[in-house]
Amino acid sequence: MRRGHGRAASLPRDLDSLLRQAHRREVLRLLGAASILPLLGCGTGAEALGSTSSDGGSASSSSSDGGTAGGRCASIPEETAGPYPGDGSNGPNALALSGIVRSDIRASLGGSSAVATGVPLSITLTLVDPTSSCMPVAGAGVYLWHCDALGRYSLYSSGVTGESWLRGVQATDSAGQVRFTTIFPGCYSGRWPHVHFEIYPTIASATSSASKRATSQLALPQATCAEVYATSGYTGSAANLAAVSLATDMVFADGATLETPSVTGSVSVGYESALTVGVVV
């Protein structure tokens, strides 16, 4: 018993040493974070790993908020903005549109009256500073965008290049929060269902990608996706979801724990999602 206790007592120190030398995502693959967090407590290891998903491979509608761990917060992983950012980096710039600062992003801006339709979804992001005891990041600019129920991106996809729905910018409040009203995105071929976002120092600086401080994505829970894609209006999404997994996704294959929001609700009343985002602005 003493020998076993000694090994258990030294394990957090050994893991701390490992974590100082390895990237967070590599550690997640090597160690299986779910089984070691209880031993790590609130030390360096817990902060580096963040909270863990209980299913080991797919997101769930009951997923816990992935942005905090043991009373600490981990930085959100940096991800690609993808080919349809609309931030001026490859052509179209939704950030320059009048009215882009808004909480309800379902309608197009300008002269169009088009409105994206689908199962209602609200997205609440809470920005916290991992270098300052997870204090709320107030006054930051958050640009969020995603595809529609058919997997199309406004400003880019064929037939909707003149639309600007499902794109919007907000400033975080004193609690570090922004809340967007939108629709549940569809699942297009080759990608796990997701939502993009960029973080800027201030809302005034959110005018082009040159000023952004972080870019990441939300990995939507599998169970919720399956519920939504069983409804009308999401043509092709159920089949596309069945052909992809978090383990094979080009973005989330190396871990999606810190990017998987909690989601509650139903198809009939809509869904509420939330994620805590660790970021240094």
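The first residue in the sequence is number 1, and the count goes up from there. Model, not experiment: these values are computed from the prediction.
- In this structure Y143 satisfies the ring pair (Phe, Tyr, Trp, His ring centres under 6.0 Å) test together with W145, sequence neighbours excluded.
- In this structure, I203 is a member of the same hydrophobic cluster as L109, with clusters built from ILVMFWY side-chain heavy atoms closer than 4.5 Å.
- Judged purely by atom type and a 3.5 angstrom limit, T172 has no side-chain atom pairing as donor or acceptor with the backbone of V178.
- S216 contributes a side-chain N or O that, together with a main-chain N or O of P77, makes up a donor-acceptor pair within less than 3.5 Å.
- Distance OG1/T215 to CD1/I76: 11.0 Å, rounded to 0.5 Å.
- The side chain to side chain contact (heavy atoms under 4.5 Å, CB included) test with C225 is passed by exactly one of C187, P185, P193: P193.
- In terms of hydrophobic clustering, with Ile, Leu, Val, Met, Phe, Trp and Tyr side chains grouped at heavy-atom distances under 4.5 Å, V128 and M135 are assigned to different clusters.
- Panel note: side chain S205, backbone Y200; no donor-acceptor pair is recorded below 3.5 Å.
- A pairwise comparison of heavy atoms in G151 and Y188 identifies O-CD2, 3.9 Å as the closest pair.
- Distance CG/L166 to CZ/R152: 10.0 Å, rounded to 0.5 Å.
- Here R102 does not pair with D104 in a salt bridge; the nearest charged N to carboxylate O distance is not below 4.0 Å.
- The backbone N or O of A253 lies less than 3.5 Å from no partner atom in the side chain of D249, so there is not a single donor-acceptor pair.
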- [ ] Step by step, work out the ring pair (Phe, Tyr, Trp, His ring centres under 6.0 Å) result for F180 and H146.
- [x] CA-CA 12 Å; F180 291 93; H146 61 81; 9.5 Å; no

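- With salt bridges taken as basic N to acidic carboxylate O contacts below 4.0 Å, one links R179 and E272.
- Not a single donor-acceptor pair under 3.5 Å links the side chain of S157 to the backbone N or O of V160.
- In the hydrophobic clustering of this structure, W165 does not group with L95; members are Ile, Leu, Val, Met, Phe, Trp, Tyr whose side-chain heavy atoms approach within less than 4.5 Å, directly or through other members.
- Of the possible polar contacts, none joining the Q217 side chain to the F197 backbone as a donor-acceptor pair under 3.5 Å is found.
- With hydrogens and angles ignored, the 3.5 Å screen pairs no side-chain donor or acceptor of S273 with any backbone N or O of S262.
- Here the side chain of T126 pairs no donor or acceptor atom with the backbone of G176 at under 3.5 angstrom.
- Under the rule for a ring pair (Phe, Tyr, Trp, His ring centres under 6.0 Å), the partners of Y234 that lie at least two apart in sequence or sit in another chain are Y229.
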- [ ] Go through the steps for E198 and R213 under the test side chain to side chain contact (heavy atoms under 4.5 Å, CB included), then give the verdict.
- [x] CA-CA 7 Å; E198 294 176 344; R213 292 292 185 268; over 6 Å; no

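- Judged purely by atom type and a 3.5 angstrom limit, R167 uses its side chain to pair as donor or acceptor with the backbone of P85.
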Open item on the list: Run I199 and V281 through side chain to side chain contact (heavy atoms under 4.5 Å, CB included) and show every step you take.
Closed with: CA-CA 8 Å; I199 299 172; V281 175; 3.9 Å; yes

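- With rounding to the nearest 0.5 angstrom, the CG atom of L144 is 5.0 Å from the CD1 atom of I105.
- Both Y153 and I100 are assigned to one and the same hydrophobic cluster, defined by single-linkage of ILVMFWY side chains at heavy-atom distances under 4.5 Å.
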Contacts under 3.5 angstrom, residues 110-119 side chains, donor-acceptor by atom type, not counting sequence neighbours:
| unit_1 | atom_1 | unit_2 | atom_2 | d |
| --- | --- | --- | --- | --- |
| S112 | OG | A114 | N | 3.1 |
| S112 | OG | E163 | OE1 | 2.6 |
| S112 | OG | E163 | OE2 | 3.4 |

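- To the nearest 0.5 Å, the span separating OG on S209 from CG on N90 amounts to 8.5 Å.
- Aromatic ring orientation, Y84 versus Y156: perpendicular (interplanar angle above 60°, classes split at 30° and 60°).
- In this structure, OG on S89 lies 6.0 Å from NZ on K212, to the nearest 0.5 angstrom.
- With hydrogens and angles left out, the side-chain atoms of T182 and R106 include no donor and acceptor closer than 3.5 Å.
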Open item on the list: Could you walk me through whether W192 and V251 satisfy the side chain to side chain contact (heavy atoms under 4.5 Å, CB included) test, starting with their C-alpha distance in whole Å, then the side-chain angles of each, then the deciding distance to 0.1 Å, before giving a yes or no?
Closed with: CA-CA 9 Å; W192 187 264; V251 171; over 6 Å; no

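- Considering every non-hydrogen atom in both S75 and L258, the closest pair reads O-CD1, 3.7 Å.
- Of the possible polar contacts, one joining the N93 side chain to the T207 backbone as a donor-acceptor pair under 3.5 Å is found.
- When all heavy atoms of L97 and S164 are compared, the pair lying nearest together is CD1-CB, 3.7 Å.
- The distance from atom OG1 of T276 to atom CG of L127, rounded to the nearest 0.5 Å, is 9.5 Å.
- Contact annotation: the side chain of V280 approaches that of P130 to within less than 4.5 Å [non-hydrogen atoms, C-beta and beyond].
- Following chains of ILVMFWY side-chain contacts shorter than 4.5 Å, one can reach L220 starting from V244, so the two form part of one hydrophobic cluster.
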